[in-house]
K.L.:
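My structure is below; once you've seen it, I'll send some questions.
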Amino acid sequence: MTVETFIPNTQTITLTDSAIRHFESKQKAQPEKIIRFSTKVSGCTGYAYVLDQVDAAEDSDEVIKFSDSLSIAIAQKARELLRNTQIDY
């Protein structure tokens with residue numbers, strides 16, 4: 001029998017390498033903007049994900065730096081819904 005230890009990720013979201021490359025390429029068109037994830041009430045599941053390019057993160061946002069050219073803001077109200085989400089592209 002083996003025992004594994006679960007070490008939770010402290011970041012709300014993670015991105016695969018291909019997702020990082022995708023978002024970095026999107027940022028090249030508007031390098032002064034930041035990508036922001038949020039949610040809104042919608043549909044039968046209750047929430048829809050919203051992805052925007054904004055001028056600045058809000059004070060209550062969690063900002064995660066994935067590379068020198070890519071930081072992503074997570075809206076405070078979306079954190080629990082997005083926690084442990086891995087984004088791939």
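What you are looking at is a predicted structure, and each value in this text was computed from that prediction instead of being measured.
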K.L.:
If we count only N and O atoms by modelled type, under 3.5 Å, do the side chains of Asp52 and Ser38 hold a donor and an acceptor together?
P.N.:
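Checked: Asp52/Ser38 side chains show no N/O donor-acceptor pair below 3.5 Å.
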K.L.:
Determine whether more than 12 heavy atoms belonging to other residues, nucleotides or ligands lie under 6.0 Å from atom CG of Asp68.
P.N.:
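Counting neighbours around CG of Asp68, 12 or fewer heavy atoms of other residues, nucleotides or ligands fall under 6.0 Å, so no.
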K.L.:
Which heavy atom of Leu51 sits nearest to which heavy atom of Phe23, and what is that distance?
P.N.:
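Taking every non-hydrogen atom into account, CD2-CE2, 3.8 Å.
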K.L.:
Give, for atom CG of Asp55 and atom CD1 of Ile34, the distance between the pair rounded to the nearest 0.5 Å.
P.N.:
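Asp55 atom CG to Ile34 atom CD1 measures 11.0 Å (nearest 0.5 Å).
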K.L.:
Could you check if a side-chain atom of Ile87 sits within less than 4.5 angstrom of a side-chain atom of Thr16, using non-hydrogen atoms only?
P.N.:
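No. Closest side-chain heavy atoms not under 4.5 Å.
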K.L.:
Hey, what do you get for NZ (Lys77) to CG (Asp61), rounding to the nearest 0.5 Å?
P.N.:
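Lys77 NZ to Asp61 CG: 12.0 Å, rounded to 0.5 Å.
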K.L.:
Looking at NZ of Lys26 and OH of Tyr89, how far apart are the two atoms once the value is rounded to the nearest 0.5 Å?
P.N.:
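Rounded to the nearest 0.5 Å, the NZ-OH separation comes out at 6.0 Å.
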K.L.:
Given Ile35 and Leu70, is the side-chain contact (heavy atoms from CB on, under 4.5 Å) satisfied, shown in steps?
P.N.:
CA-CA 8 Å; Ile35 295 172; Leu70 179 64; 4.0 Å; yes
K.L.:
Hey, mind stepping through Val63 and Ile72 against side-chain contact (heavy atoms from CB on, under 4.5 Å) and telling me if it holds?
P.N.:
CA-CA 6 Å; Val63 178; Ile72 293 182; over 6 Å; no
K.L.:
Taking atom types as modelled, find out whether Glu24 and Ser67 have a side-chain donor-acceptor pair closer than 3.5 angstrom.
P.N.:
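A pair is found: one side chain offers a donor N or O, the other an acceptor, under 3.5 Å apart.
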K.L.:
Do Val41 and Leu81 land in one hydrophobic cluster if side-chain heavy atoms of ILVMFWY residues count as linked below 4.5 Å?
P.N.:
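Yes, Val41 connects to Leu81 through the hydrophobic network.
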K.L.:
As a test of understanding, state which of Arg36, Gln27, Glu32 forms a side-chain hydrogen bond (donor to acceptor under 3.5 Å, both in side chains) with Gln53.
P.N.:
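Among the candidates, only Gln27 passes.
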K.L.:
Can you tell me if Gln11 uses its side chain to pair, donor with acceptor, with the backbone of Ile64 under 3.5 Å?
P.N.:
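No; zero donor-acceptor contacts below 3.5 Å.
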K.L.:
Search all heavy atoms of Ala78 against all heavy atoms of Phe37 and return the closest pair with its distance.
P.N.:
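Reported closest heavy-atom pair: CB-O, 4.4 Å.
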K.L.:
Rounded to the nearest 0.5 Å, how far does OH of Tyr49 lie from OG1 of Thr39?
P.N.:
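It comes to 8.5 Å.
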K.L.:
Under 3.5 Å, is there a donor-acceptor pair between the side chain of Thr12 and the main chain of Arg79?
P.N.:
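Side chain of Thr12 to backbone of Arg79, a donor-acceptor pair under 3.5 Å: no, none is there.
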K.L.:
Using every non-hydrogen atom in the two residues, find where Gln76 and Ser60 come nearest and quote the distance to one decimal.
P.N.:
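Heavy atoms of Gln76 and Ser60 come nearest at OE1-CB, 3.2 Å.
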K.L.:
Determine whether more than 12 heavy atoms belonging to other residues, nucleotides or ligands lie under 6.0 Å from atom NZ of Lys33.
P.N.:
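Check passes, neighbour count above 12.
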